[in-house]
Amino acid sequence: MSLREPQPLLSLAAPPYGYSFHSGVWLTHDLSWKAVCDLLAPTLAGVTTAGERRIQDTRAAVGPDVPGLVVLHAGGPMFAPEGQVLPWVRERAVTGRRQHAKAAILQFRSGHKTRTRAIVTSANLTEGGLRTNWELAVWDEHGVGSSPFLGVDLLSQIRKLAKELTPDDHLAAALKALRGPLQGCPPTGELLSSLTEPLLLFGRPKKNEPPVKRIVVVSPGFAGDTDKEAAATMAQWCDKHTAVDIYTGYDGTAAAASAGSPGLVLSAGLWHGLEKAAANVTIHAVPRFGDDGTNARTLHAKAYAFVNSTGRVEFLVGSANCTGPGLNGDNREMLVRLWIGTGDLTDLLTELNAMEFKGELTPPSAKVPFSTMADRPTVDAAFAIAPGQMADDTSWNGTMTITGVTAGITVSYRGKPLVPPGPLEMALDPHVPFVEVRVGQRRWPIMIQVEAPPGDPGFWERLTPEATLDRPDRELEQFLGDVRLAATPAEQKAGKGQTPEGDDRFAIPVEQRLVRLARHRRALARLSEPLITAGLATLLIHEPAEARAVAYAIEAAYHPGHGTQNDPLLKALTSSIAAFDVRGNDNDE
Amino acid sequence: MALDVAWTDVMEPDDLRTRDGGDPLGFRAYANRLAREIVPGLTQATAMTRGFGLLCLALEVAMSQKPIDEPAVRERFLRVERIWVAAEALRTNGEGWFPGKRRAWRLVKGVEEYPVDRPILDQQLSTGVWGAYRRSLAAFGLIGGARGRVVRLSQTVLAPSGHQLANTLRSNACGGVQLGRWADESNYEVPVAKLRLVDADHSPTKEEVILLSQGMTSYDSRHESALSHLRNAYEQHNELDLKTIDLTALSGRQRRAVEVARSLVAAIEGIERPFRDWVATGERTQIAKSIWSADVWKAAKVDGESELMHLRDLAVDRPAAKALDIVLGHHRWLARRRGAPEWTPGDGRVAALVVEAPTFTLRAARSLFAEGVAPHVIA
């Protein structure tokens, strides 16, 4: 075991140098599809572009011939489907006991070589989980050889889980691909899991096993106020000489925590239960904010350390909160067991910058607990994009096929009912990647499986010409949008709110924006003349008259006599670009 | 099985952070790694024996008064540092040696009372003596509890040798000034007359040098005697220079790192300099094709330096005429990964004009050796 420097969770999802993502399964409780689109998928795919180009490059980065990623999550209110179409990532809600485990097994390939990475963590697939929270992660990687590998333990659990679920081709393909290179590789035996069976994660003390010297708990204060089960679980290892330290989040600054101001949420059941069992219970506050009120980091990690009399520490890290359902097997959970020294434990705890909390505890809010997820209808939605379109079009025409709809089930897309059976010709918005399935008052979002046009494997890489020529800048696209807007009659603009909040493009003078556009001439200059001609020709077919004028203006500024001199917009644009070249002359033309 | 465990770190959003860093192509990250192998235990900022002593002294003063809570200890520590730097500025008319000397000089010049509650650096704790010296002090066993990424001053303890170093500096240089009194949080000003009593010179006494050498020797015995080897190399010519250092005086690990470092410097000269020129002036100069077969690339591959390998893999089989464009592409790729600003040929930015070859911490080691610090694990 190595204690490593803190690192962004996403750095564990990045492909090794020279490798590409091939297949994987990710377990999470909360799932934000937007976080998958913006953060996880680009990282897995090695995409580094920003802006609107990012999702387009991400879609194209993993081909349709590989299994891709399957995300297994708790579903229900924990699933936020807003995001974008992402053809190589699929989601699947796990029904039955609450799916609370957070783990991933990811395979990367380089030719015939594979590398598999296993991660067990406390982090959900949400922006907070991936970017800002205090989380813990344990990971292991396998290339070649037959050393014990955490991924084998993990894969075995996920395969058992898959048997509980209704058959899923994508999950089966991912599991098959993951299993191949690991055959003959033994498990570590260090994964404690209630993923498929409601097991007590800590087990029970062995006969004549002495009480431990110290227990350290790191957990958010999620236990209900009357929850005594977690305390009872840990009490089995305690006697009156055992010290218990609880590290939990504090909703305030370090100064406020030091002063004992309210803000530390902890279950009275847990607190009193441990006090009864242990000699001394100390609560440590992990402030959410820096002293200046900034840098919010929420403690979401879950870890348990049992320090025995010899100073050896059994350290458990993973998904299980210090709650009854977390520890007694009601939930589907995973923890990894590590053996560390007390020095490592001290180093880990020091990072939290925690302080002893002596103020009044804030009771948890009364929540309606749920421990099982109801079955959802096995409805699937697939959309086949029709030929002749571009990957970055603002909508795609194609055919939607809905399967699994029975009596009492309705399916809608953007509020409009879809009436199966039979394929439906419709337009799909890439920003709305899900349909809504309804049974009575209950509703479920289900992601649409979007497929490239038949026989067109390069579809996701093909963008509209100006995006291809202009990448990765967004300025031309924004400018074209503004020109369109300017050309729209006032009565049609009313109530549209076209300017996104925070977008500063209207603060930039038009002339300056043209200067920037002229700089794109450099990008054009590097391309061959036939390609430019072809690109412009396509642009002229697909784009409205205003865009045509801009394209001609850029071209005409450098090749006078291109024609269309009667167009006032074109004349204005052309002269602006020429004026820039005379005055600024800082481009390489 | 090789399980790793770590806290997750905050990931900044993909926006324009100002991580320009003077490292447009990723060479400096490798240079820092090599520096840790050539001069373990020291950093580029640990160039003065007095820096080690000042940290110990400030910590001793900060911990000798109540209350012992983090904000109070931190404030007392920072005030001792300000007193020293202001005294140094007075002695040298603002020249000085420690960071913060310019602001301290502005605050102390022409007044009778020095406002000790005013910071002399932005983020003084991390950019001042604490940030520069604490890791090395911990490595040399003079303080404890300061190795982690987040270190609380109030939980840092001076080892007996650290106390000795603090006391030596106090008795030799503090002129009887009661630092504890003036560093107290309730005090806002220090009479300039008191500051003039502090003998804030950069030259250490023999006792300070001996105490630091002892700590360094103890560390060195666990690190292949790397610093002792360097000291021996220094004694040959009173110099420590990457180009001329005697490889036979070094450990095997150091020798390999120095050889790679030399090749890395050549790569910086051959690749980064033409690229910087192009950005600064818009003028293109050719990158020699032979540079892509230098030893540094083999070493980078072995060391898993993926950013450098990205550049080399892009460029190695391409015509020399295309190399500069490929380097630009690599720079943009790297800038996006890091969230740093992208450079554009001809944009004339000042950062592109500043080219400084990495020193691999040899300059800091040479400075300490010149002051007399001498770890001697080996003969």
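Predicted, not measured: the structure shown is a model, and the values here were computed from it. The chains referred to below are lettered A, B, ... by the order of the sequence lines, with proteins before strands, and numbering in each begins at 1. Note that these values count all heavy atoms, side chains included, but never hydrogens, waters or copies made by symmetry.
A/Val218 touches chain B through its side chain: at least one heavy atom from C-beta onward sits under 4.5 Å away, while N, CA, C and O do not. Of the atoms belonging to A/Leu10, it is side-chain heavy atoms, and not backbone ones, that fall under 4.5 Å from chain B. If you measure heavy-atom distances from A/Val120 to chain B, you find no contacts under 4.5 Å at all.
Expressed to the nearest 0.5 Å, how far CG of B/Asp4 lies from CG of A/Leu12 amounts to 9.0 Å. The distance from atom CH2 of A/Trp134 to atom OG1 of B/Thr8, rounded to the nearest 0.5 Å, is 8.0 Å. With rounding to the nearest 0.5 angstrom, the CG atom of B/Leu3 is 12.5 Å from the CD1 atom of A/Ile340. Taking CD of A/Glu351 as the start and CG of B/Asp9 as the end, the distance is 9.0 Å to the nearest 0.5 Å. Distance CH2/B/Trp7 to CG/A/Leu299: 6.0 Å, rounded to 0.5 Å.
Your options are A/Val336, A/Leu39, A/Leu348, and the one with the most heavy-atom pairs under 4.5 Å with chain B is A/Leu348.
When all heavy atoms of B/Ala6 and A/Gln7 are compared, the closest pair comes out as CB-NE2, 4.4 Å.
Looking at residues two or more places apart in sequence or on another chain, you find no side-chain hydrogen bond (donor to acceptor under 3.5 Å, both in side chains) involving A/Thr43.
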